[in-house]
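Before any comments, here is the structure.
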Amino acid sequence: MTDSELDEIMIFWWPKVLRRAMAGSDEWVKSFARSIAKHGKRAKWHPSEKQAFLMRRLVADLSNAPEPELDLIDREDGAAA
């Protein structure tokens with residue numbers, strides 16, 4: 001993983017991955033996401049090949065996930081349309 005790819009993942013994608021992991025039920029993914037976030041704070045850290053593979057997969061899963069349907073229009077009775 002190049003430095004620029006790592007920077008992009010850690011700055012742009014990893015907070016989103018971390019939020020999604022924390023909302024999910026898979027304890028291993030939660031632990032992995034927290035671990036990467038912790039390691040990513042160290043300036044000289046680079047992921048192992050296995051970590052890089054898993055990070056890319058979690059980012060890809062995030063970008064392939066369907067957007068939740070939001071109903072933003074309220075009816076007069078106060079319920080969503």
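When a residue number appears, it is its place in the shown sequence, counting from 1. What's counted below: heavy atoms across the whole structure, side chains too, no hydrogens, waters or symmetry copies.
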Should the pair H39 and W45 be assigned to parallel (<30°), tilted (30 to 60°) or perpendicular (>60°) ring geometry?
-> parallel

Checking side-chain contact (heavy atoms from CB on, under 4.5 Å) for the pair I36/M10: CA distance, chi angles, key distance, verdict?
-> CA-CA 9 Å; I36 295 300; M10 295 308 296; 3.9 Å; yes

After noting the C-alpha distance and the side-chain angles of V59 and K16, does the key distance pass the side-chain contact (heavy atoms from CB on, under 4.5 Å) rule?
-> CA-CA 9 Å; V59 168; K16 295 174 184 181; over 6 Å; no

L62 and R20: which non-hydrogen atoms are nearest, and at how many Å?
-> CA-NH1, 3.2 Å

Linking I/L/V/M/F/W/Y whenever any side-chain heavy atoms sit under 4.5 Å apart, do M22 and L58 land together?
-> no

Roughly how far apart are E8 CD and T2 OG1, rounded to 0.5 Å?
-> 9.0 Å

When hydrophobic residues are tied together by side-chain contacts of less than 4.5 Å, even through go-betweens, does F53 share a cluster with W28?
-> yes

If every non-hydrogen atom of M55 is compared with every non-hydrogen atom of P47, which pair is closest and at what distance?
-> SD-CB, 3.9 Å

Apply side-chain contact (heavy atoms from CB on, under 4.5 Å) to R56 and E5, showing your working.
-> CA-CA 10 Å; R56 286 183 186 113; E5 183 184 10; 2.8 Å; yes

Same hydrophobic cluster for F12 and I9, using side-chain heavy-atom links shorter than 4.5 Å among ILVMFWY?
-> yes

So, K30 side chain and G24 main chain: donor-acceptor pair closer than 3.5 Å or not?
-> yes

